[in-house]
Amino acid sequence: MRKKITIIGAGNVGASTAQLIAKEGLADVVLYDIAEGIPQGKALDISEACPLWYSAVSVRGTNSYADTEDSDVVVITAGFPRKPNMSRDDLLHANADVIKNASGAIAKTSPNAIIIVVTNPMDAMAQLAWKTTEFSCRRVMGMGGILDASRLRAFLAWELNVSPEDIEAMLLGGHGDQMVPLPRFTTVKGIPVTEIMKKNRIDALIQRTRSGGAEIVSLLKSGSAYYAPAAATFQMIKSILNDEKRMLPCAAYLNGEYGVKDLYVGVPVILGKEGVEKVVEIKLTKEEKAQFRESCASVRKLIKKLSI
Ligand code: APR
């Protein structure tokens with residue numbers, strides 16, 4: 001039997017993720033949204049593309065959680081995107097209500113699901129989804145680091161005039177302006193960029209990565225990025241459903257790792273059929289540790305505001 005993926009929120013990120021899953025024939029998809037007609041219309045549109053992709057999966061749209069029953073993976077993209085001059089954190093209270101509602105419903109209808117939270121501010125929303133569902137922390141995680149790393153990889157590829165395929169990037173911390181890129185673990189075919197680029201150029205590209213989401217928001221004027229967020233989410237789903245055990249930067253629950261307790265924040269993890277199968281600890285330099293602590297503190301501030 002094919003696996004079942006529910007996507008909560010049939011907006012830009014949700015529908016783009018559904019499209020990638022359908023195109024790859026990875027699993028059946030249920031697209032859920034509170035807006036009537038939107039998930040049904042987008043699901044029908046994607047279904048009508050399936051013959052062209054030689055894909056036999058089913059894609060259905062719904063406004064009822066009953067149709068999401070027994071999903072293997074649930075992706076939460078529901079909520080409000082940023083507007084120009086808004087930070088991800090400005091979405092906190094509006095999106096918290098959406099996450100509480102959605103994760104409460106998922107806990108009832110798909111008690112064995114693995115949940116990927118995309119809604120911003122993502123680290124805090126992942127922690128809220130975990131608290132609400134009372135699922136094992138291995139089965140609740142957030143998408144952020146893969147997207148940030150992909151942005152940095154794209155910028156490096158343009159700067160160095162090499163294929164982005166040959167670039168690997170690693171970063172830590174919250175999916176926000178205080179993310180912690182790790183240039184010494186960012187490589188071109190295994191060669192650290194610190195060996196082949198000037199520090200000021202690396203710093204400039206890191207800065208562009210930090211504000212990568214805002215750059216797109218200011219260009220779009222309404223709405224936020226969705227092609228790359230959907231591609232990053234798809235990579236996580238694929239690693240879980242195919243038990244690929246990829247090492248990817250995701251928001252995961254830390255319970256002592258990196259000296260951090262009781263907090264969702266971005267770290268490298270092994271993603272497989274059990275969800276977050278391992279948090280990978282890297283030995284950090286003094287400066288990286290300080291940046292990571294600062295990033296964790298800003299996520300914790302949001303958690304405090306939510307009183308969870
Ligand atoms: N339950 C289900 N769906 C909801 C709910 C809810 N309670 N509240 C809002 N939605 C739906 C909206 O109807 C809309 O279709 O969530 C969808 C959000 O889609 P978009 O506005 O297109 O936003 P999108 O760009 O997809 O971003 C969604 O992901 O990257 C983050 O910051 C981004 O938090 C935002 C989220």
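The shown structure was predicted, so the numbers you read here are calculated from the model rather than taken from an experiment. All ligand and atom numbering here is 1-based and tracks the order in the structure.
Atom 18 (C) of ligand 1 has its closest protein heavy atom at Gly79 O, 3.2 Å. In this structure, the protein non-hydrogen atom closest to atom 8 (N) of ligand 1 is Ile34 CD1, 3.5 Å. Atom 28 (C) of ligand 1 has Thr77 O, 3.0 Å as its closest protein atom, hydrogens excluded (heavy atom only). Nearest protein heavy-atom neighbour of atom 27 (O) of ligand 1: Val13 CG2, 3.7 Å. Regarding atom 35 (C) of ligand 1, its nearest protein heavy-atom neighbour is Phe80 O, 3.6 Å. Of all protein heavy atoms, the one lying nearest to atom 23 (O) of ligand 1 is Pro81 CG, 3.6 Å.
Residues Thr6 and Thr68 bring no donor and acceptor atom of their side chains to less than 3.5 Å of each other. For the residue pair Gln40 and Asn63, a side-chain donor N or O sits within less than 3.5 Å of a side-chain acceptor on the partner. Side chains of Gln178 and Ser298: a donor-acceptor N/O pair is present below 3.5 angstrom, by distance only.
Between Asp166 and Lys189, at least one side-chain nitrogen of the basic residue sits less than 4.0 Å from a carboxylate oxygen of the acidic one, meeting the salt-bridge criterion. Between Glu168 and Arg153 there is no salt bridge, since no side-chain N of the basic residue sits under 4.0 Å from a carboxylate O of the acidic one.
Residue Ala78 has no nitrogen or oxygen atom sitting less than 3.5 Å from a nitrogen or oxygen atom of ligand 1, judged on distance alone. Distances between N or O atoms of Asn12 and those of ligand 1 include at least one value under 3.5 Å. At a 3.5 angstrom cut-off on N or O pairs, Asp33 counts as close to ligand 1. Residue contacts with ligand 1: Val98 is placed with no nitrogen or oxygen under 3.5 Å of a nitrogen or oxygen of the ligand (distance criterion only). Among the atoms of Asn120, some N or O lies under 3.5 angstrom from an N or O of ligand 1.
Heavy-atom contacts of Asn95 reach the following atoms of ligand 1: 34 (O) (cutoff under 4.0 Å). Using a 4.0 Å cut-off to heavy atoms of Gly11, the atoms of ligand 1 that qualify are 15 (O), 17 (C), 19 (O), 20 (P), 22 (O), 26 (O).
If you look at Trp130 and Tyr253, their ring centroids are closer than 6.0 Å.
The side chain to side chain contact (heavy atoms under 4.5 Å, CB included) test with His175 singles out one residue from Val299, Leu147, Val265, and that residue is Leu147.
Within the structure, the closest approach of Val118 to ligand 1 falls below 4.0 Å when heavy atoms are considered.
Judged by distance alone, with hydrogens and angles left aside, the side-chain atoms of Ser218 form no donor-acceptor pair with the main-chain N or O of Pro84 at under 3.5 Å.
Across the listed options Tyr32, Tyr226, Tyr65, Tyr32 owns the non-hydrogen atom lying nearest to atom 2 (C) of ligand 1.
By the 6.0 Å contact criterion, NZ on Lys245 is enclosed, its count of non-hydrogen atoms from other residues, nucleotides or ligands being greater than 12. The environment of CG in Asn200 is crowded: more than 12 heavy-atom neighbours from other residues, nucleotides or ligands sit within 6.0 Å.
For Asn101, no heavy-atom contact with ligand 1 is shorter than 4.0 Å.
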